[in-house]
Amino acid sequence: GEMLKEHWRILYNGNCYDPAWPVEAKKRGLWNLPTTPEALHELESAKNQELFEKHGVLKPHELKARVNTLLERYQTEVVIEGQTMSSLVRRNFIHTLGIEANEENDASGLRETKQKNLAKLAEETDKLDAAIESVPEDLYKAAVHCHKKIRGSLAAAREVLDENEKNMEDGADGMPNLYDILMSHRK
């Protein structure tokens, strides 16, 4: 009972994705580290180094090595995700949207919208490529860059893709739609 009273502030049975949670966490004096770079930076703090060493879990140099490995892995995964998105967009969507946006007989009446979306998608993909090419050498700075720049560019490109998808004919981009993926076993 005493232990529960002492630690009650850290127990939470609600929705941690709810925007109200960070406010509640702050009221309770709890951290909110929503990104991998922030969490890894805090993991390496002097307080945590002392804690791990005191209990024989990790020596400071071992913790540093582990954090560096996690930072490098995060960077690698985000860069691969960015490269994959860029490749898919350039090979499938920009090509197809370019064809559709320049069709003489556009029965949909969306030719101008498609041309604007094509320009926006190319711009966002160029930003993504630039972000991938400009990853800093320092592991922590690279992780922050990957989160802010590459993930930001991925989200922006995805937003344009989602808008474009509404105006594209099914299968025109060479990609299956969600229905086709989910129902492929019934064919």
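Just so you know, residue 1 is the first one in the sequence shown, and it goes up from there. In this text, all values refer to a predicted model and were calculated from it rather than measured experimentally.
- Atoms NZ and CG, on K149 and L128 in that order, are 12.5 Å from each other to the nearest 0.5 Å.
- Distance alone, capped at 3.5 Å, places no donor-acceptor pair between the S86 side chain and the G82 backbone.
- Looking at V160 and F93, their side chains never come closer than 4.5 Å, going by heavy atoms from C-beta outward.
- At least one side-chain heavy atom of E123 sits under 4.5 Å from a side-chain heavy atom of K127.
- In terms of heavy atoms, L63 sits closest to L43 at CD2-O, 3.5 Å.
- C146 has its side chain out of reach of R151: every pair of non-hydrogen atoms, C-beta onward, lies at least 4.5 Å apart.
- The CD1 atom of I94 lies 6.5 Å from the CG atom of L118; values are rounded to the nearest 0.5 Å.
- Looking at every heavy atom in both residues, A143 comes nearest to P37 through O-CG, 3.4 Å.
- Separation of atoms CG (L139) and CG (N68) is listed at 5.0 Å; rounding is to 0.5 Å.
- Criterion: ILVMFWY side-chain heavy atoms under 4.5 Å apart, direct or through other members. Under it, L40 and F52 are part of a common hydrophobic cluster.
- A side-chain donor-acceptor contact under 3.5 Å links E62 to the backbone of K59.
- The main-chain N or O of Q83 is never found under 3.5 Å from a side-chain atom of S87 such that the two would form a donor-acceptor pair.
- Following chains of ILVMFWY side-chain contacts shorter than 4.5 Å, one cannot reach I150 starting from V144, and the two form parts of different hydrophobic clusters.
- Transitive grouping of hydrophobic side chains (ILVMFWY, heavy atoms separated by less than 4.5 Å) keeps Y74 and L33 in distinct clusters.
- A donor-acceptor pair under 3.5 Å is absent between the side-chain atoms of N32 and the main chain of A25, judged by distance alone.
- To the nearest 0.5 Å, the span separating OH on Y140 from CD on E44 amounts to 10.0 Å.
- Around the CZ atom of R90, the shell of radius 6.0 Å holds more than 12 heavy atoms that belong to other residues, nucleotides or ligands.
- Contact annotation: the side chain of L30 approaches that of W21 to within less than 4.5 Å [non-hydrogen atoms, C-beta and beyond].
- Here the closest non-hydrogen pair linking P136 and A142 is O-CB, 3.4 Å.
- For the pair E77/R73, a side-chain contact is recorded, criterion being any heavy-atom separation below 4.5 Å from C-beta on.
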Report the C-alpha separation of T35 and E38 in whole Å, then their side-chain angles, then the decisive distance to 0.1 Å, and conclude whether the side chain to side chain donor-acceptor pair (under 3.5 Å) test is met. CA-CA 5 Å; T35 70; E38 289 172 284; 2.7 Å; yes
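- The structure places CG of L58 at 10.0 Å from CD of E53, a figure rounded to the nearest 0.5 Å.
- In this structure, V78 is a member of the same hydrophobic cluster as V135, with clusters built from ILVMFWY side-chain heavy atoms closer than 4.5 Å.
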Steps toward salt bridge (Lys or Arg N to Asp or Glu O under 4.0 Å) verdict (E50, K47): CA-CA 5 Å; E50 288 174 26; K47 176 182 163 188; over 6 Å; no
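- With H147 contributing its side chain and T36 its backbone, the two residues share no donor-acceptor pair below 3.5 Å.
- In this structure, the separation between CE on M85 and OG1 on T125 is 7.5 Å, given to the nearest 0.5 Å.
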